[in-house]
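The sequence lines fix the lettering, A, B, ..., with proteins before strands; numbering per chain opens at 1. From a predicted model like this one, the values you see are computed outputs, not experimental measurements.
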Amino acid sequence: MAFQAPKGTYDVLPGSGFLAVRDGLLAPAELAGYSYIESPVFEDTELFARGVGASTDVVSKEMFTFTDRGDRSLTLRPEGTAGVVRAVLQHGLHHGQLPVKLRYAGPMFRAERPQAGRFRQFQQSGIEAIGLVDPALDAEVVALAWEGFRSLGLTGVRLLLTSLGDPTCRPAYREELTAFLTGLDLDEATRARVLINPLRVLDDKRESVQKQLAGAPLMPDRLCADCKAHHDAVIEGLQSLGVPFEPAPRLVRGLDYYMRTTFEFVHDGLGAQSAVGGGGRYDGLSEAIGGPHLPGIGWALGIERTLLALESEGITPPSEKGLDVYVVSLGVMAKAWAVTAVGAFRKAGVASDLAYGDRGLKGAMKAADRSGARWAVVVGDRDLEAGVAQLKDLRNGDQLAVPLAELTPTVLEKLA
RNA sequence: GUGGGUGUAGCUCAGCUGGCAGAGCACCGGGUUGUGAUCCCGGUUGUCGCGGGUUCGACCCCCGUCACUCACCCCA
């Protein structure tokens with residue numbers, strides 16, 4: 001074969017359950033008043049540099065950046081929030097009723113080395129609630145992701161929750177943590193990371209590092225009064241919504257804009273990448289990209305990883321609706337009739353197809369079987385002369401002759 | 001960017017110390033001149049990733065290369 005999909009990309013193939021997962025994850029949010037929004041897959045490079053944070057790995061080494069013919073620097077979006085907030089600001093959505101509740105789905109791009117559950121073009125479903133600070137809203141947002149996973153039948157998803165503090169309490173904590181980390185025996189790369197973002201070190205997987213972190217100061221113990229009150233209220237909200245969570249005081253996010261409420265959904269059946277989704281509050285993002293103070297909270301869930309989680313739990317995501325009727329014809333007259341019959345079926349809302357390519361009856365019946373249709377309509381020239389079609393129930397083989405004029409009504413009746 | 005593994009039919013994979021390229025599934029046809037899902041019979045499908053080397057002879061050994069894959073870093 002001459003070509004294949006570029007490295008780190010994949011094709012969504014029939015039967016993958018992709019649509020059911022992408023839309024299923026957002027279904028609870030839709031019921032909660034989150035409207036659909038779609039923003040461009042590429043944006044001004046500066047939007048991500050300032051929004052996501054220039055020092056993050058995502059921005060510093062994983063972006064697909066290019067220059068267009070007008071010499072503008074553009075970047076394929078590595079995440080969805082910055083673009084959505086940009087759209088909100090650009091169109092003044094925040095001047096209306098608050099919070100602005102939005103949901104979205106689409107491809108994101110990061111130039112990483114692919115591995116299980118990680119692609120260069122990957123898909124996320126996400127929501128954002130923008131415009132106010134209310135711990136009850138935090139709880140709703142988190143609960144909607146939880147419901148999304150549950151509605152797909154997943155039982156192995158765990159919710160990790162913490163608070164990253166805010167500009168009042170985090171700087172002091174950061175200093176304290178930096179001082180602690182500086183006293184440890186770390187390799188050069190890690191020591192560099194201490195200076196860029198010391199919180200990230202808490203997340204290191206290596207045992208040699210984790211052992212030394214046993215006595216590290218933790219953000220939840222250093223929250224200021226406001227952050228503490230907010231965090232406690234979020235916890236209460238989740239409890240009253242019946243959403244179980246695990247405190248994760250060392251949880252860190254890879255994007256700089258997160259503060260206060262921060263969470264991640266993990267699943268143990270995925271391979272090395274256990275996160276199926278994550279999110280948090282980003283009260284400083286709007287200002288970082290040149291907008292007014294505009295708090296917000298949201299999440300993004302990974303479609304591919306959710307599919308992996310479903311697979312590991314032995315759950316087959318629902319497939320597309322499929323056919324109701326498959327028409328099999330014999331003879332030239334019957335073939336012509338079949339084409340119009342299928343047209344009539346479809347107009348009446350009956351999903352139908354017919355056997356194209358003049359194969360034998362046996363082969364056509366085989367095709368009917370494989371189409372997944374509930375009924376086969378078999379028509380030969382001699383049926384047409386008699387003014388009937390044979391309606392066969394493919395589940396049990398029962399077959400009866402139905403007058404041509406009554407065919408569509410009969411099928412509709414049986415479908416009801 | 002670093003390290004490991006794997007490349008043989010559409011798919012999943014066998015292939016002995018180096019001696020004719022294989023199986024199952026799928027697909028197509030027949031058994032039934034007008035009936036599927038079961039059963040029986042038959043058939044189609046190959047640059048053994050690619051390039052070089054060793055050899056009388058290479059899917060097999062050697063070198064290179066590409067792709068895929070898993071893991072590290074990081075993240076969904």
K.L.:
Less than 4.0 angstrom from a charged side-chain N to a carboxylate O is my criterion; do R281(A) and D138(A) meet it?
P.N.:
yes

K.L.:
Does the base of G34(B) carry an N or O that pairs as donor and acceptor with the side chain of R382(A) under 3.5 Å?
P.N.:
yes

K.L.:
Between Q4(A) and A67(B), does any side-chain N or O lie under 4.0 Å from OP1 or OP2?
P.N.:
no

K.L.:
Suppose you measure atom P in C59(B) against the same atom in A9(B); what distance do you get, rounded to whole Å?
P.N.:
14 Å

K.L.:
In whole Å, measure the gap between the C1' atoms of C13(B) and U6(B) for me.
P.N.:
13 Å

K.L.:
Would you say the base of C75(B) and the side-chain of Q273(A) have a donor-acceptor pair closer than 3.5 Å?
P.N.:
yes

K.L.:
Within the modelled atom types, does a donor on one side and an acceptor on the other bring the side chain of Q399(A) and the base of U35(B) under 3.5 Å apart?
P.N.:
yes

K.L.:
Taking atom types as modelled and ignoring hydrogens, do the side chains of T162(A) and T262(A) form a donor-acceptor contact shorter than 3.5 angstrom?
P.N.:
no

K.L.:
Is R200(A) side chain donor-acceptor paired with the C75(B) base, going by distance under 3.5 Å alone?
P.N.:
no

K.L.:
Once hydrogens and angles are ignored, does a donor-acceptor distance under 3.5 Å link the base of G31(B) to the side chain of K362(A)?
P.N.:
yes

K.L.:
Quote, to the nearest angstrom, the C1' distance that separates C39(B) from G49(B).
P.N.:
40 Å

K.L.:
Take the protein atom CZ of R370(A) and the nucleotide atom P of A37(B), then report the distance between them rounded to whole Å.
P.N.:
7 Å

K.L.:
List the atom of R305(A), the atom of A275(A), and the distance in Å for their closest heavy-atom pair.
P.N.:
CD-O, 2.9 Å

K.L.:
So, under a plain 3.5 Å distance rule, would you say the side chain of R113(A) forms a donor-acceptor pair with the base of C73(B)?
P.N.:
no

K.L.:
Verify the distance criterion only: is there a donor paired with an acceptor across the side chains of Y36(A) and E30(A) at less than 3.5 Å?
P.N.:
no

